[in-house]
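Taking it in order: structure first as structure tokens, then the write-up.
When reading the values below, keep in mind they use all heavy atoms of this one structure, side chains included, and skip hydrogens, waters and symmetry mates.
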Amino acid sequence: MLMHQGIGLGAFNALSRRGATHALYECCASLTWAQAVAAGRPYASYSELFARADAALFSASDAEIAEALDCHPVVGRRRGSTASRLEQCSLWDEDEALTAAITAAAAYEERFGYRYLWCPQGRGLQELLTDLNHRLAHDPEAERKVCTEELAKITRTRLERMLGPEDGFPLY
């Protein structure tokens, strides 16, 4: 199995501030988040970087979270960034009825005012539908927390992909 090697933590730490911000923005489309994480360099470990990334995300304003969410495609559509397309393709299903059910995400967006986000890694389409229906019942405060947690999972996956394996071991 051929695996993308990533740039590694040392190379990431050595990037210019602008280069690091750009690399991070590819992982989470919030400029404020990317700048905050880039400003924390150098990182001594992946764990330190991931902790800073999570802290910056969970302290982000509603507007910053909305900025990041707007760059994710609507669930079931293949538009969006390369990373989003790859993530969404893992859920694609040719069953039109099941794929059409994903459009229920529009009801979510109408209810909460932002895009439904769900990290598909290791989960299937039926789980997505169950999750979507469950989350529609949340109150807005609880749902914002869950949505931010899902964004953090996706961001972590993208950071791992960007950096590559730590100490020679695959991250995924």
Query raised in the report: When rounded to the nearest 0.5 angstrom, what distance separates OG1 in Thr155 from CG in Leu159?
Result: 6.5 Å
**Report entry** Donor-acceptor pair, side chain of Glu48 and main chain of Ala44, under 3.5 angstrom
**Finding:** yes
Query raised in the report: Does any N or O in the side chain of Asn133 come within less than 3.5 Å of the main-chain N or O of Leu129, such that one atom is a donor and the other an acceptor?
Result: yes
Query - Gap between atom CG of Leu136 and atom CZ of Arg111 - 0.5 Å precision - result: 7.0 Å
Query raised in the report: Within the side chain of Glu26, is there an N or O that forms a donor-acceptor pair under 3.5 Å with the backbone of Ala23?
Result: no
Query raised in the report: Does the side chain of Val37 come within less than 4.5 Å of Leu57's, by heavy atoms?
Result: no
Query - Inter-residue atom distance Gln121.CD - Ile154.CD1, 0.5 Å rounding - result: 10.0 Å
Requested in this report: Answer yes if the side chains of Ser30 and Glu64 hold a donor-acceptor pair under 3.5 Å, and no otherwise.
Outcome: no
**Report entry** Point-to-point distance, once rounded to the nearest 0.5 Å, from CZ of Arg156 to SG of Cys119
**Finding:** 11.0 Å
Query raised in the report: In terms of hydrophobic clustering (I, L, V, M, F, W, Y; side-chain heavy atoms under 4.5 Å; direct or indirect links), are Leu132 and Leu69 co-clustered?
Result: yes
Query raised in the report: Side chains of Thr21 and Leu15: does their closest heavy-atom pair fall under 4.5 Å?
Result: no
Report task. Apply side-chain contact (heavy atoms from CB on, under 4.5 Å) to Asp70 and Tyr114, showing your working. Result -> CA-CA 8 Å; Asp70 283 346; Tyr114 50 84; over 6 Å; no
Query raised in the report: Are the side chains of Pro165 and Gln5 in touch, meaning some heavy atoms are under 4.5 Å apart?
Result: yes
**Report entry** Intermediate values then yes/no, side-chain contact (heavy atoms from CB on, under 4.5 Å), Leu117 and Thr148
**Finding:** CA-CA 9 Å; Leu117 188 67; Thr148 303; over 6 Å; no
**Report entry** Rounded distance [0.5 Å steps], SG in Cys27 versus CE in Met162
**Finding:** 4.5 Å
Query raised in the report: Should the ring pair Phe12 and Tyr43 be called parallel, tilted or perpendicular, given that the plane angle runs from 0 to 90° and is split at 30 and 60?
Result: parallel
Query raised in the report: Donor-acceptor pair, Trp33 side chain versus Ala53 backbone, under 3.5 Å?
Result: yes
Report task. Show your working on side-chain contact (heavy atoms from CB on, under 4.5 Å) between Glu160 and Phe50 and close with a plain yes or no. Result -> CA-CA 9 Å; Glu160 290 173 344; Phe50 297 153; 3.7 Å; yes
Query - Non-neighbouring partners of Glu149 that pass side chain to side chain donor-acceptor pair (under 3.5 Å), sequence neighbours left out - result: Lys145
Query raised in the report: Who else is in the cluster with Tyr25 when I, L, V, M, F, W and Y are joined by side-chain contacts under 4.5 Å?
Result: Leu31
Query - Beyond-backbone contact of Arg144 with Phe112, side-chain heavy atoms, under 4.5 angstrom - result: no
Query - Among Arg135, Glu150, Glu109, the one residue meeting side-chain contact (heavy atoms from CB on, under 4.5 Å) with Tyr116 - result: Arg135
Query raised in the report: Taking 4.0 angstrom as the limit, do Arg115 and Glu143 come out as a salt bridge?
Result: no
Query raised in the report: Quick one: does Leu151's side chain get under 4.5 Å of His72's, heavy atoms only?
Result: yes
Query raised in the report: Where the side chain of Arg52 meets the backbone of Ala36, is there a donor-acceptor pair that is under 3.5 Å apart?
Result: yes
